[in-house]
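Quick notes on the structure that follows.
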Amino acid sequence: MFIDMHMHEKTYSKDSFLSLDEIVQIAKEKGLGAVCITDHDSMGLKEAAKEYTAKTGFPVFVGIEYYSLQGDIVAFGIEEYPKERVSAQEFIDLVKAQGGVCFAAHPFRNNRRGLEEHLREVKGLDGLEVLNGSTSVKACQKAAEYAMDLGLFTLGSSDCHVPEKVGVCATWFPDTVQTMEEFLKAFREGQMRPAYYADGSYHVIEVKEYRRTPLAAFT
(Lines give C-alpha, C1' and ligand atoms only; values in the text may rest on other atoms or scores of the structure.)
Protein backbone atom coordinates (compact mmCIF):
# COMPACT_ATOMS: atom_id res chain seq x y z
CA MET A 1 0.00 0.00 0.00
CA PHE A 2 1.32 3.46 -0.90
CA ILE A 3 0.55 6.53 1.22
CA ASP A 4 1.58 10.13 0.61
CA MET A 5 2.70 11.17 4.10
CA HIS A 6 2.96 14.95 3.82
CA MET A 7 0.38 17.03 1.91
CA HIS A 8 -1.18 20.48 2.24
CA GLU A 9 -4.86 21.34 1.76
CA LYS A 10 -5.86 24.93 1.11
CA THR A 11 -8.34 25.43 3.97
CA TYR A 12 -5.65 25.58 6.65
CA SER A 13 -2.44 25.76 4.60
CA LYS A 14 -2.81 29.12 2.93
CA ASP A 15 0.09 28.44 0.56
CA SER A 16 -1.74 25.45 -0.93
CA PHE A 17 -3.97 25.49 -4.02
CA LEU A 18 -5.43 22.03 -3.38
CA SER A 19 -8.86 21.03 -2.10
CA LEU A 20 -9.32 17.67 -0.36
CA ASP A 21 -11.46 16.41 -3.26
CA GLU A 22 -8.72 17.26 -5.74
CA ILE A 23 -6.02 15.64 -3.62
CA VAL A 24 -7.99 12.40 -3.32
CA GLN A 25 -8.95 12.31 -7.00
CA ILE A 26 -5.31 12.59 -8.13
CA ALA A 27 -4.18 10.20 -5.39
CA LYS A 28 -6.58 7.53 -6.64
CA GLU A 29 -5.45 8.04 -10.24
CA LYS A 30 -1.85 7.39 -9.18
CA GLY A 31 -2.72 4.33 -7.13
CA LEU A 32 -2.34 5.71 -3.62
CA GLY A 33 -4.29 3.84 -0.95
CA ALA A 34 -4.48 6.74 1.50
CA VAL A 35 -3.29 10.32 1.99
CA CYS A 36 -2.04 12.33 4.94
CA ILE A 37 -2.99 15.98 5.35
CA THR A 38 -0.27 17.72 7.36
CA ASP A 39 -1.09 21.40 7.29
CA HIS A 40 1.22 24.09 8.59
CA ASP A 41 0.82 24.38 12.38
CA SER A 42 -2.79 23.21 12.17
CA MET A 43 -4.94 20.10 12.50
CA GLY A 44 -8.07 22.01 11.61
CA LEU A 45 -9.12 19.60 8.87
CA LYS A 46 -9.38 16.66 11.28
CA GLU A 47 -13.17 16.47 11.63
CA ALA A 48 -13.84 17.19 7.95
CA ALA A 49 -11.34 14.47 6.99
CA LYS A 50 -13.04 12.01 9.33
CA GLU A 51 -16.39 12.72 7.69
CA TYR A 52 -14.84 12.49 4.22
CA THR A 53 -13.35 9.08 4.99
CA ALA A 54 -16.64 7.80 6.41
CA LYS A 55 -18.50 9.00 3.31
CA THR A 56 -16.05 7.82 0.63
CA GLY A 57 -14.20 4.93 2.25
CA PHE A 58 -10.87 6.48 1.25
CA PRO A 59 -8.55 6.94 4.27
CA VAL A 60 -7.49 10.51 4.98
CA PHE A 61 -5.15 10.74 7.98
CA VAL A 62 -4.63 14.16 9.53
CA GLY A 63 -1.39 15.12 11.21
CA ILE A 64 0.52 18.37 11.44
CA GLU A 65 3.66 19.94 10.03
CA TYR A 66 4.85 21.87 13.05
CA TYR A 67 7.45 24.62 12.67
CA SER A 68 9.66 24.19 15.70
CA LEU A 69 12.42 26.64 16.57
CA GLN A 70 14.88 24.35 14.80
CA GLY A 71 12.77 23.24 11.83
CA ASP A 72 9.71 21.40 10.54
CA ILE A 73 8.50 18.16 12.12
CA VAL A 74 5.51 16.11 10.94
CA ALA A 75 3.50 14.37 13.67
CA PHE A 76 0.52 12.01 13.85
CA GLY A 77 -1.57 10.60 16.67
CA ILE A 78 -1.80 13.73 18.80
CA GLU A 79 -4.70 15.84 20.02
CA GLU A 80 -2.82 18.87 21.34
CA TYR A 81 0.07 20.89 19.97
CA PRO A 82 1.73 24.20 20.91
CA LYS A 83 0.11 27.34 19.55
CA GLU A 84 3.46 29.12 19.67
CA ARG A 85 6.88 27.99 18.44
CA VAL A 86 8.79 25.77 20.84
CA SER A 87 12.02 23.85 20.46
CA ALA A 88 12.16 20.70 18.38
CA GLN A 89 12.89 18.64 21.47
CA GLU A 90 9.96 20.10 23.38
CA PHE A 91 7.62 19.34 20.49
CA ILE A 92 8.93 15.79 20.11
CA ASP A 93 8.48 15.24 23.84
CA LEU A 94 4.88 16.49 23.61
CA VAL A 95 4.18 14.11 20.71
CA LYS A 96 5.62 11.15 22.59
CA ALA A 97 3.72 12.02 25.76
CA GLN A 98 0.49 11.70 23.75
CA GLY A 99 1.49 8.39 22.18
CA GLY A 100 2.13 9.93 18.76
CA VAL A 101 4.82 9.46 16.13
CA CYS A 102 6.90 12.04 14.29
CA PHE A 103 9.46 12.50 11.56
CA ALA A 104 11.70 15.31 10.38
CA ALA A 105 10.39 16.93 7.21
CA HIS A 106 12.86 17.83 4.41
CA PRO A 107 15.73 18.06 6.94
CA PHE A 108 18.25 19.56 4.49
CA ARG A 109 16.09 21.77 2.29
CA ASN A 110 17.83 25.05 1.53
CA ASN A 111 15.20 27.31 3.11
CA ARG A 112 16.24 26.91 6.75
CA ARG A 113 13.05 24.99 7.55
CA GLY A 114 14.75 21.62 8.13
CA LEU A 115 16.37 20.32 11.30
CA GLU A 116 19.74 19.91 9.55
CA GLU A 117 22.50 19.19 12.08
CA HIS A 118 19.98 19.38 14.93
CA LEU A 119 19.09 15.81 13.88
CA ARG A 120 22.09 14.69 15.91
CA GLU A 121 20.93 16.60 19.00
CA VAL A 122 17.24 15.74 19.34
CA LYS A 123 15.96 12.52 20.85
CA GLY A 124 12.73 10.70 20.04
CA LEU A 125 12.28 11.19 16.31
CA ASP A 126 10.89 8.08 14.62
CA GLY A 127 11.97 8.82 11.08
CA LEU A 128 13.30 11.09 8.39
CA GLU A 129 11.70 12.19 5.16
CA VAL A 130 14.33 11.04 2.67
CA LEU A 131 12.20 11.62 -0.43
CA ASN A 132 10.41 14.95 -0.61
CA GLY A 133 8.84 15.97 -3.90
CA SER A 134 9.59 19.64 -3.32
CA THR A 135 13.23 19.24 -2.28
CA SER A 136 16.41 18.74 -4.30
CA VAL A 137 17.83 15.29 -4.95
CA LYS A 138 21.07 16.27 -3.20
CA ALA A 139 19.21 17.29 -0.04
CA CYS A 140 17.17 14.05 -0.11
CA GLN A 141 20.33 11.98 -0.48
CA LYS A 142 21.88 13.71 2.52
CA ALA A 143 18.75 12.97 4.55
CA ALA A 144 19.04 9.29 3.59
CA GLU A 145 22.64 9.19 4.79
CA TYR A 146 21.62 10.67 8.15
CA ALA A 147 18.72 8.22 8.47
CA MET A 148 21.08 5.28 8.02
CA ASP A 149 23.61 6.77 10.42
CA LEU A 150 21.01 7.54 13.10
CA GLY A 151 18.96 4.37 12.65
CA LEU A 152 15.71 6.17 11.81
CA PHE A 153 12.78 5.03 9.66
CA THR A 154 12.79 6.36 6.09
CA LEU A 155 9.77 7.93 4.43
CA GLY A 156 8.73 9.54 1.17
CA SER A 157 6.10 12.19 0.53
CA SER A 158 5.16 14.84 -1.99
CA ASP A 159 4.84 17.88 0.30
CA CYS A 160 2.36 18.96 -2.34
CA HIS A 161 0.76 22.39 -2.60
CA VAL A 162 -0.24 22.18 -6.30
CA PRO A 163 -1.92 19.43 -8.38
CA GLU A 164 1.14 18.35 -10.34
CA LYS A 165 3.00 17.50 -7.14
CA VAL A 166 0.35 15.24 -5.58
CA GLY A 167 1.81 11.78 -5.06
CA VAL A 168 5.15 12.38 -6.77
CA CYS A 169 6.71 10.68 -3.75
CA ALA A 170 5.08 8.39 -1.22
CA THR A 171 5.74 5.71 1.37
CA TRP A 172 5.17 1.98 0.87
CA PHE A 173 3.52 0.13 3.77
CA PRO A 174 3.62 -3.70 3.69
CA ASP A 175 0.00 -4.01 4.88
CA THR A 176 -3.21 -2.13 4.15
CA VAL A 177 -4.19 0.39 6.82
CA GLN A 178 -7.66 1.87 7.06
CA THR A 179 -7.76 3.61 10.44
CA MET A 180 -5.45 5.95 12.33
CA GLU A 181 -4.83 3.19 14.87
CA GLU A 182 -3.69 0.81 12.12
CA PHE A 183 -1.60 3.57 10.54
CA LEU A 184 0.19 4.36 13.82
CA LYS A 185 0.80 0.68 14.54
CA ALA A 186 2.30 0.12 11.10
CA PHE A 187 4.39 3.27 11.42
CA ARG A 188 5.85 2.13 14.75
CA GLU A 189 6.78 -1.23 13.24
CA GLY A 190 8.99 0.67 10.81
CA GLN A 191 8.76 -1.59 7.77
CA MET A 192 7.89 1.33 5.46
CA ARG A 193 10.01 2.29 2.46
CA PRO A 194 10.19 5.54 0.46
CA ALA A 195 8.97 5.46 -3.14
CA TYR A 196 8.71 7.77 -6.14
CA TYR A 197 6.17 7.82 -8.98
CA ALA A 198 7.38 7.38 -12.55
CA ASP A 199 6.08 5.77 -15.75
CA GLY A 200 2.64 5.18 -14.26
CA SER A 201 3.62 3.38 -11.07
CA TYR A 202 5.52 3.66 -7.80
CA HIS A 203 9.11 2.51 -7.39
CA VAL A 204 10.25 1.56 -3.90
CA ILE A 205 13.76 2.58 -2.84
CA GLU A 206 16.12 0.68 -0.60
CA VAL A 207 17.96 3.53 1.07
CA LYS A 208 21.29 1.73 1.09
CA GLU A 209 21.15 1.81 -2.73
CA TYR A 210 20.04 5.45 -2.82
CA ARG A 211 22.83 6.82 -4.98
CA ARG A 212 22.13 4.31 -7.75
CA THR A 213 18.46 5.25 -8.00
CA PRO A 214 17.25 7.65 -10.78
CA LEU A 215 15.79 10.12 -8.31
CA ALA A 216 15.61 12.86 -10.91
CA ALA A 217 12.33 11.23 -11.94
CA PHE A 218 10.39 13.06 -9.22
CA THR A 219 11.92 16.54 -9.52
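Just so you know, residue 1 is the first one in the sequence shown, and it goes up from there.
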Going through the checks in order, is the salt bridge (Lys or Arg N to Asp or Glu O under 4.0 Å) test met by Lys142 and Glu145?
CA-CA 5 Å; Lys142 189 171 183 179; Glu145 291 167 2; over 6 Å; no

Are the side chain of [X] and the backbone N or O of [Y] linked by a donor-acceptor pair below 3.5 Å?
X	Y	result
Glu9	Leu20	yes
Gln98	Glu80	yes
Tyr202	Leu32	no
Lys96	Phe91	no
Ser157	Asp159	no
Arg193	Val204	no
Asp4	Ser158	yes
Ser13	Ser16	no
Glu182	Gln178	yes
Glu129	Ala104	no

Would you kindly confirm whether [X] and [Y] end up in one hydrophobic cluster when ILVMFWY residues are joined by side chain heavy atoms under 4.5 Å apart?
X	Y	answer
Tyr12	Val24	yes
Val130	Leu152	yes
Phe103	Ile92	no
Tyr67	Val122	no
Met192	Trp172	no

Side chains of [X] and [Y], heavy atoms from C-beta outward: is any pair under 4.5 Å?
X	Y	value
Leu155	Leu131	no
Asn132	Cys169	no
Val162	Leu18	no
Arg109	Ser136	no
Ile64	Ile78	yes
Cys36	Val62	no

Inspect the contact between Lys46 and Glu79 and indicate whether a charged nitrogen and a carboxylate oxygen are less than 4.0 angstrom apart.
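Between Lys46 and Glu79 there is a salt bridge, with a charged N closer than 4.0 Å to a carboxylate O.
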
Can a salt bridge be assigned to the pair Asp149 and Arg120 using a cut-off of 4.0 Å between side-chain N and carboxylate O?
yes

Run the side chain to side chain contact (heavy atoms under 4.5 Å, CB included) test on Gln70 and Ser87 for me, step by step, so that the C-alpha distance in whole Å, both residues' side-chain angles and the decisive distance to 0.1 Å come before the verdict.
CA-CA 6 Å; Gln70 286 74 38; Ser87 72; 3.7 Å; yes

Output the distance between atom [atom1] ([X]) and atom [atom2] ([Y]), rounded to the nearest 0.5 Å.
X	Y	atom1	atom2	result
Asp72	Glu65	CG	CD	4.0 Å
Asp126	Ile73	CG	CD1	11.0 Å
Ser68	Asp41	OG	CG	9.5 Å
Leu119	Leu125	CG	CG	6.5 Å
Tyr66	Leu94	OH	CG	8.0 Å
Glu51	Leu45	CD	CG	10.0 Å

Can the ring centroids of Phe108 and Tyr146 be said to lie less than 6.0 angstrom from one another?
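Centroid distance Phe108-Tyr146: below 6.0 Å, so yes.
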
Close aromatic pair by centroid cut-off 6.0 Å: Phe183 and Phe76:
yes

Is the charged tip of Lys83 near the ring of Tyr81: under 6.0 Å from the six-membered ring centre and within 45° of its axis?
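Judged by the rule (NZ or CZ under 6.0 Å from the ring centre, within 45° of its axis), Lys83 counts as positioned above Tyr81.
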
Please walk me through it: do Met5 and Phe173 pass side chain to side chain contact (heavy atoms under 4.5 Å, CB included)?
CA-CA 11 Å; Met5 302 286 289; Phe173 282 71; 3.8 Å; yes

Salt bridge (Lys or Arg N to Asp or Glu O under 4.0 Å) between Asp175 and Lys185, intermediate numbers included
CA-CA 11 Å; Asp175 297 310; Lys185 181 177 182 293; over 6 Å; no

Pair Ile205, Tyr196 - check side chain to side chain contact (heavy atoms under 4.5 Å, CB included), show working.
CA-CA 8 Å; Ile205 294 176; Tyr196 66 94; 3.7 Å; yes

Run the numbers on Ile37 and Val60 for side chain to side chain contact (heavy atoms under 4.5 Å, CB included), then give the verdict.
CA-CA 7 Å; Ile37 305 300; Val60 178; 3.8 Å; yes

Of the non-hydrogen atoms in Ser42 and Gly44, which two are nearest, and what is the gap between them?
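Shortest heavy-atom separation between Ser42 and Gly44 comes out as OG-N, 3.0 Å.
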
Asp15 and side chain to side chain donor-acceptor pair (under 3.5 Å): which partner among Lys10, His40, His8?
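When Lys10, His40, His8 are each tested with Asp15, the side chain to side chain donor-acceptor pair (under 3.5 Å) holds only for His40.
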
Phe187 and Phe153 aromatic ring geometry - parallel, tilted or perpendicular at 30°/60° bounds
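The arrangement is perpendicular - the two ring planes meet at more than 60°.
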
Go through Asp93 and Gln89 one step at a time and tell me if the side chain to side chain donor-acceptor pair (under 3.5 Å) criterion holds.
CA-CA 6 Å; Asp93 291 344; Gln89 190 61 64; 2.9 Å; yes

